[in-house]
2 protein chains.
Amino acid sequence: MPPSKPSTTSAATDPVDEGVVRGLMGYNVKRAYIVLHSAAQQAAAEFDLRIPTFSCLSVIVRNPGITPSALAELLKIERSNLVVMVDELETRELVSRTQMKTDRRRFELKATVRGRRLHDKAAGAIAAAEAACLTALEDGEQQQLLALLNRIEGSMAD
Amino acid sequence: MPPSKPSTTSAATDPVDEGVVRGLMGYNVKRAYIVLHSAAQQAAAEFDLRIPTFSCLSVIVRNPGITPSALAELLKIERSNLVVMVDELETRELVSRTQMKTDRRRFELKATVRGRRLHDKAAGAIAAAEAACLTALEDGEQQQLLALLNRIEGSMAD
DNA sequence: CAAAAGTAGTTATGGTCAATAACTATTATT
DNA sequence: AATAATAGTTATTGACCATAACTACTTTTG
C-alpha cells in the first residue's frame with residue numbers, strides 16, 4: 001500500500017476525498033448492504049418482525065421440525081441469541097416448540113398456520129422492497145452479483 | 001411471492017433448506033460482508049483500531065482540515081457517534097483537533113505524523129486481509145463486483 | 001453399570017455500532 | 001436585538017453479536 005497523499009490543506013467546500021476506504025471491498029459491500037438492509041427492515045417492521053427474526057421464521061417454515069441448533073448453525077447465529085427470537089416467535093404463536101420424545105434435549109420447531117401466513121406476506125413485502133433497491137441492475141446483473149458474493153462466502157467456508 | 005412449500009417433515013439429518021432468505025440479495029450481501037469485515041477487523045485490531053475508527057482516520061489523513069460534520073456526512077455516521085472516535089484518535093495523538101478562527105463552532109481535524117504512519121500500516125494490513133478473502137475472484141471480477149455494488153448504493157443516493 | 005464426556009438449550013452479561021433527544025456555544029437571519 | 005440555524009457534545013437507548021457459566025439429558029468408555 002502506497003503512503004497516503006493528503007491534498008495540501010482541504011478547505012470547507014473542497015470535494016472530499018474518500019481515499020483508502022472507498023478502495024476497500026468491505027466498505028463498498030457494507031454500503032450496499034445498508035441500502036438493502038434498511039429497505040428490508042422497513043418492510044419487515046410492517047409485520048412487527050426484525051430481519052433476524054424473519055430469517056428464523058423463514059427457515060422454520062421451510063424445515064418443519066428443525067432443531068434450534070441446526071437453525072443456529074444454518075443462519076450462523078449463536079444458539080444463545082436464538083433463544084430470545086424463538087421465544088418471541090412462540091409467544092406470538094407463529095412457531096411451536098415441542099420437546100422430542102427420542103431425545104429430550106432437543107426441540108422441534110414448526111411454523112403454525114399463522115406463522116406461515118405471516119411469513120409469506122412478509123417475504124413478499126421484503127422481496128418487493130429489495131427489488132426497489134435493485135432496479136438499477138438488470139436481472140442478469142443481479143444473478144452475476146449473487147454469484148460473485150457467494151464465491152466470496154464459499155471460499156471462506158469451514 | 002409464491003407460498004412456501006415445506007418439505008413434509010424434516011428429520012434431524014435432512015439437508016436443510018435455506019429457502020426464502022437465500023433468495024434475498026440482502027442476505028447474500030450480508031454473508032459476504034461478514035467474511036470481509038471479520039478479516040478486516042482482525043487486521044485492524046493489530047493496530048488497536050476498530051473499522052469505523054480506522055475509516056475516520058483514513059478520511060482525515062486524506063482531507064487535512066476536514067470538519068467533524070463533513071466527516072460524519074461522508075462516512076454516513078451520526079456526528080454524535082463521531083465524537084467518541086475523534087476523542088480517541090486525539091487522545092492517542094493520531095489526530096489533532098483545533099478550533100477555527102473564522103468560525104469558532106467548527107474544528108479542523110488533521111492527522112499527526114504518528115497518525116499518518118499508523119494509518120498507512122493499518123491500511124496495508126487491512127487491504128492484505130481483504131485480498132486473502134478475494135482470491136476466489138479474478139481482478140476483473142472484483143472490479144465488476146465493485147461496480148455492481150456501487151450502482152446499488154448510487155441508485156439510492158440522496 | 002457407573003463415571004466421564006459430550007450435546008442441547010438456556011441465562012446472564014458485555015461490547016460494538018447505530019439512532020435519538022436535549023443541550024451549549026457560536027454564527028446567520030430578519 | 002430577537003430569532004433561527006449550525007457545529008459540536010452528552011446521555012441514553014436499542015439492535016445485534018459474542019462469551020461464559022449453568023442445567024438437563026444422552027453417549028461414551030473404563
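Just so we're on the same page: letters track the sequence lines, and every chain starts at 1.
Salt-bridge formation is detected for the pair R22(B)/E153(A): a Lys NZ or Arg NE/NH1/NH2 atom is positioned less than 4.0 Å from an Asp or Glu carboxylate oxygen. Of the charged side-chain nitrogens involved, at least one lies within less than 4.0 Å of a carboxylate oxygen, so that E141(B) and R151(A) count as a salt-bridged pair.
Atom CD1 in I77(B) sits about 10 Å away from atom P in dC17(C), given to the nearest Å. The CZ-C1' distance, from R31(A) to dA18(C), rounds to 14 Å in whole Å. Between K76(B) atom NZ and dA18(C) atom P there is a gap of 13 Å when expressed in whole angstrom units. R50(A) places its CZ atom 20 Å from the P atom of dC17(C), with the value rounded to the nearest Å. The nearest whole Å value for the distance from the CD1 atom in I51(A) to the C1' atom in dA18(C) is 16 Å. Protein atom CD of Q42(A) is 12 Å distant from nucleotide atom P of dA19(C), rounded to whole Å. Atom CD in E90(A) sits roughly 13 Å away from atom P in dG9(C) (whole-Å rounding). Straight-line distance from the CG atom of L49(B) to the C1' atom of dC17(C): 16 Å, rounded to whole Å.
Partner C56(B) forms a side chain to side chain contact (heavy atoms under 4.5 Å, CB included) with one of I77(B), V95(B), L94(B) and no other, that one being I77(B).
When each of Q99(B) and N81(A) is assigned the nucleotide of DNA chain C bearing its nearest heavy atom, the one mapping closer to the 5' terminus is N81(A). With DNA chain D read from its 5' end, the first of the two nearest nucleotides for E78(A) and D103(A) is the one closest to E78(A). Summary of the strand contacts: V83(A) and H37(B) both lie near DNA chain C, and taking for each the nucleotide with the nearest heavy atom, the more 5' one is attributed to V83(A). Nearer to the 5' terminus of DNA chain D, by closest-nucleotide assignment, is the contact made by Q41(A) (compared with the other of K101(A) and Q41(A)).
Picking from dA21(C), dT16(C), dT11(C) the nucleotide with the shortest atom distance to the side chain of S80(B) gives dA21(C). Between dC17(C), dG9(C), dT26(C), one nucleotide has an atom nearer to the side chain of R106(A) than all others, and that is dG9(C).
The shortest side-chain heavy-atom distance between L109(A) and P68(A) falls under the 4.5 Å cut-off.
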The test is side chain to side chain contact (heavy atoms under 4.5 Å, CB included); show your working for K30(B) and I34(B) and say whether it passes. CA-CA 6 Å; K30(B) 177 167 195 183; I34(B) 289 171; 4.0 Å; yes
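For Q99(A), the CD atom sits in a packed shell: over 12 heavy atoms of surrounding residues, nucleotides or ligands are nearer than 6.0 Å.
Using a 4.0 Å heavy-atom criterion, one finds that R104(B) contacts the sugar-phosphate atoms exclusively.
A nucleotide of DNA chain D counts as in contact with chain B when one of its atoms lies under 4.0 Å from a heavy atom; the first and last such, 5' to 3', are dA5(D) to dC17(D).
Identified under the salt bridge (Lys or Arg N to Asp or Glu O under 4.0 Å) test for residues 79-92 of chain B, with sequence neighbours left out: R50(B)-E88(B), D87(B)-R97(B), E88(B)-R92(B), E90(B)-R97(B).
Not one side-chain nitrogen or oxygen of R105(B) sits closer than 4.0 Å to the OP1 or OP2 atom of dA25(C).
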